[in-house]
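First the proteins, then the strands, lettered A, B, ... as listed; each starts at 1.
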Number of protein chains: 6
Amino acid sequence: MPTIHVEMFEGRTLDQRRKLVKELTDATCSALGVQPDSVQIVLTDIKKENWAEAGKLFSDS
Amino acid sequence: MPTIHVEMFEGRTLDQRRKLVKELTDATCSALGVQPDSVQIVLTDIKKENWAEAGKLFSDS
Amino acid sequence: MPTIHVEMFEGRTLDQRRKLVKELTDATCSALGVQPDSVQIVLTDIKKENWAEAGKLFSDS
Amino acid sequence: MPTIHVEMFEGRTLDQRRKLVKELTDATCSALGVQPDSVQIVLTDIKKENWAEAGKLFSDS
Amino acid sequence: MPTIHVEMFEGRTLDQRRKLVKELTDATCSALGVQPDSVQIVLTDIKKENWAEAGKLFSDS
Amino acid sequence: MPTIHVEMFEGRTLDQRRKLVKELTDATCSALGVQPDSVQIVLTDIKKENWAEAGKLFSDS
């Protein structure tokens, strides 16, 4: 608590994931005044054929 | 906004996904009076071994 | 299966909810070839102070 | 209704999934007084490189 | 890890919640061989006007 | 895309929400190289009687 879920397009490198969870955790601690230990983050990779905007899959854009 | 998440069994074709996001977007715009651009949809494919009803996995049904 | 979650701004009327779940169900059955009985939908009302784009709450836009 | 989502590290066997959904369903029926048929469960396998605590991926721990 | 989300109709008592999280935690530890400390559970109360099956809100059933 | 969901205990002020979405957006853009416009964030307030760890509600801790 807090728990953060991030949905993003697949293809991010391990280094990007590392940087992302570090910076999201720092941002959360700074804004909410919580301890890093209390922040859990789950990343979800979404294929472009599974994400749509305006009725159109991103794989078709 | 609105954002729609659909969980469905894996195995849908690209054409089914295309049709699904188009029709869900139209339905949302029609019912809520929003613009297509504002509707985001994320599809999630679930394996039958990861979905259960009445305490039983669908892969065992 | 399928299960649909819709996040939308709070303030929708009961009639809009009725129409939305009816049309989303029809769209899903049409696109995926499933029966209406199998479609579950959960609506979530989001306050404008709890939704942000580009780093800015919608309540501040 | 109720619907239960479980996020867990990937690598669980089919037998563990079977036991998990059976026991979660029993627990839910016992605590809430609902029928097993009404309990749906979706399991999600998370890679260690997609789960973080205290700003650090579990794959790096 | 694991993290469990339960969606259920609103109206459960505090005692039902207490019993539910205790039994779900026990079930998870038993089935997956994890420690109770690692199990987080979030309960979400859903109004009948926000849950639909077969295109019909439960508040209309 | 990316979309971020944050679950946190209820009681955060509007200023904390403002700061949180601003900092999470900056963190995401910095780590993933995306534009602020593409980042959507939804905050969810959880009551202590709806969040449990180790089989115990936080409202009972």
Rounded to the nearest 0.5 Å, what separates atom [atom1] in [X] from atom [atom2] in [Y]?
| X | Y | atom1 | atom2 | answer |
| --- | --- | --- | --- | --- |
| B:Thr25 | B:Gln35 | OG1 | CD | 12.5 Å |
| A:Lys56 | A:Ser61 | NZ | OG | 5.0 Å |
| B:Leu57 | B:Lys48 | CG | NZ | 12.0 Å |
| A:Lys22 | A:Ile41 | NZ | CD1 | 10.5 Å |

Taking 4.5 Å as the heavy-atom cut-off, does anything in residues 2-20 of chain A contact chain B, and if so which residues?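 Within residues 2-20 of chain A, near chain B: A:Glu7.
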
A:Ser59 versus chain B, heavy atoms under 4.5 Å apart: side chain, backbone, both or neither?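 Contact with chain B: side chain only.
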
Could you go through A:Leu43 and A:Asp45, starting from their C-alpha distance and side-chain angles, then the distance that decides it, and tell me whether this counts as side-chain contact (heavy atoms from CB on, under 4.5 Å)? CA-CA 7 Å; A:Leu43 309 179; A:Asp45 301 297; 5.6 Å; no

Region of B:Val42 in contact with chain A, defined by heavy-atom distances below 4.5 Å: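 B:Val42 touches chain A through backbone and side-chain heavy atoms alike.
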
